[in-house]
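Take a look at the structure set out below.
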Amino acid sequence: MRMILAMPGNIYYRNGAKSVLWLIAITLGVVQGLGEFLPISSSAHLIIVRWLFGWDPIINQAGGSIDIALDVALHVGTLLAVLIYFFQDWLQLAVSGILTGLKTREGKMFWYLVASTIPGAIAGFMLEGPIESFVRSQPLLIAAGLAIMGIILYFVDKKSSQRINFERITFSQALFIGFAQMLALVPGVSRSGITMTAGRMMGISREAAAKFSFLLSTPIIAGAALKSAPAIIHHLGSPLFLVGTLVSAIVGLASISFLLRYLKHNNFAIFAIYRLLLAALIVVVYFVRGA
């Protein structure tokens with residue numbers, strides 16, 4: 001590991017690139033599975049991990065198709081995680097929404113989720129590519145996003161009540177969370193982090209805010225996977241694709257289960273502290289390296 005930090009890319013590529021690619025696929029799968037559902041920003045972590053360990057040169061030398069395969073695999077994995085965990089919820093919501101419209105609580109929640117998805121989907125379609133391309137080379141921006149969002153998450157969670165459970169979420173509250181999700185495009189903010197914070201801001205309980213955030217993530221992740229459908233088909237037989245997908249799915253399932261249990265008796269403070277510590281580490285490494 002010291003060699004990866006000290007001599008990014010070239011040595012490891014020349015002396016066993018294939019084994020390093022396996023390590024990268026597994027590591028990024030773990031990072032994606034944790035970061036997608038915990039309020040710590042998966043996109044920031046994926047960029048920072050590659051930057052810290054100097055993995056971009058290795059991935060680039062292996063070919064652009066490897067980068068695409070890994071990126072798509074990670075998102076497919078987390079999509080599988082959220083679909084498997086909330087399969088019964090989505091089945092009940094979808095059936096009620098389609099058959100009963102707004103006449104039942106489940107039907108209303110289904111259409112609330114549909115409407116809340118639209119702002120983030122539009123923003124992501126228009127801006128995700130340019131923003132990610134720019135941010136990839138700006139670790140200090142990511143550090144700032146991690147730190148600022150950590151502070152906001154901490155104080156909003158601390159000051160907000162927990163009077164609203166999942167079943168009592170209103171359309172206006174759901175839509176507010178949906179518009180807040182647009183801010184997830186800002187480096188280091190985190191989709192789950194901003195949606196949970198928005199929910200807590202309106203007095204939604206921690207567990208309910210997390211559940212709504214996870215359900216809201218489903219169409220967004222599914223949309224990203226659909227956009228990458230040709231790449232999924234192309235790489236479906238790739239061992240790296242399958243490993244990245246499997247690892248992110250397993251870790252994603254564990255992350256969802258952990259956070260929903262954790263928030264029954266705990267607050268978001270630990271995630272805010274982690275964000276600040278990671279931001280500090282990024283700044284230190286940036287200036288020690290001189291870039």
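Values in this document were obtained by computation on a predicted structure and should not be read as measured data.
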The criterion is side chain to side chain contact (heavy atoms under 4.5 Å, CB included); which residues satisfy it with [X], sequence neighbours excluded?
X: Leu226; value: none
X: Ala208; value: Phe166, Ile204, Ser205
X: Ile118; value: Ile122
X: Ser43; value: Ser41

Could you report the tightest heavy-atom contact between [X] and [Y], atom names first, then the distance?
X: Arg191; Y: Ile194; result: O-CG2, 3.4 Å
X: Gly77; Y: Ser248; result: CA-OG, 3.0 Å
X: Gly193; Y: Pro39; result: CA-CB, 3.6 Å
X: Leu102; Y: Lys108; result: O-CE, 3.0 Å
X: Leu259; Y: Ala210; result: CD2-CB, 4.5 Å
X: Ala184; Y: Ser190; result: CB-C, 4.1 Å

Q. Which side chain to side chain donor-acceptor pair (under 3.5 Å) pairs, counting each pair once, include a residue from residues 262-275, with sequence neighbours left out?
A. His45-Tyr274
Atom pair [atom1]/[atom2] of [X] and [Y] - distance to nearest 0.5 Å:
X: Thr195; Y: Leu183; atom1: OG1; atom2: CG; answer: 10.5 Å
X: Leu70; Y: Gln32; atom1: CG; atom2: CD; answer: 11.5 Å
X: Ser255; Y: Leu38; atom1: OG; atom2: CG; answer: 4.5 Å
X: Thr117; Y: Leu215; atom1: OG1; atom2: CG; answer: 10.0 Å
X: Leu21; Y: Ile59; atom1: CG; atom2: CD1; answer: 7.5 Å
X: Leu79; Y: Ile220; atom1: CG; atom2: CD1; answer: 12.0 Å

For the hydrophobic clusters of this structure (ILVMFWY residues joined by side-chain heavy atoms under 4.5 Å, transitively), does one cluster hold both [X] and [Y]?
X: Val114; Y: Val95; answer: no
X: Leu260; Y: Ile84; answer: yes
X: Leu141; Y: Phe287; answer: yes
X: Ile40; Y: Phe258; answer: yes
X: Leu140; Y: Ile148; answer: yes

Taking the side chain as C-beta and beyond, is there a heavy-atom pair between [X] and [Y] under 4.5 Å?
X: Ser116; Y: Gln181; result: no
X: Leu23; Y: Phe53; result: no
X: Glu36; Y: Ile221; result: yes
X: Ile282; Y: Pro139; result: yes
X: Gln162; Y: Glu207; result: no
X: Arg50; Y: Leu28; result: yes
X: Thr78; Y: Val82; result: no

Please table the atom pairs, donor to acceptor, closer than 3.5 Å between any side-chain atom in residues 85-94 and protein atoms at least two apart or in another chain.
residue: Asp89; atom: OD2; partner: Lys211; partner atom: NZ; Å: 3.2
residue: Trp90; atom: NE1; partner: Thr218; partner atom: OG1; Å: 3.0

Q: Step by step, work out the side-chain contact (heavy atoms from CB on, under 4.5 Å) result for Trp51 and Arg289.
A: CA-CA 11 Å; Trp51 172 72; Arg289 287 183 176 179; 3.8 Å; yes
Q) So Val156 and Phe268, side-chain contact (heavy atoms from CB on, under 4.5 Å) or not? Walk me through it. A) CA-CA 10 Å; Val156 167; Phe268 285 100; over 6 Å; no
Filter on ring pair (Phe, Tyr, Trp, His ring centres under 6.0 Å), then keep only pairs touching [range], sequence neighbours left out; what's left?
range: residues 184-211; result: none
range: residues 113-133; result: none
range: residues 184-221; result: Phe37-Phe214

So, the side chain of [X] versus the backbone of [Y]: is there a donor-acceptor pair under 3.5 Å, distance only?
X: Thr245; Y: Phe241; value: yes
X: Arg200; Y: Ser160; value: yes
X: Thr197; Y: Leu153; value: no

Q: With side-chain contact (heavy atoms from CB on, under 4.5 Å) as the test, would you mind laying out the steps for Thr100 and Glu106 before giving the verdict?
A: CA-CA 9 Å; Thr100 68; Glu106 291 80 9; over 6 Å; no
So which residues get pulled into [X]'s cluster when ILVMFWY side chains under 4.5 Å apart are joined, directly or through others?
X: Ile273; value: Leu277
X: Leu276; value: Ile151, Tyr154, Phe155
X: Leu246; value: Ile250

Q) Checking side-chain contact (heavy atoms from CB on, under 4.5 Å) for the pair Met109/Glu167: CA distance, chi angles, key distance, verdict? A) CA-CA 8 Å; Met109 185 60 71; Glu167 289 72 23; over 6 Å; no
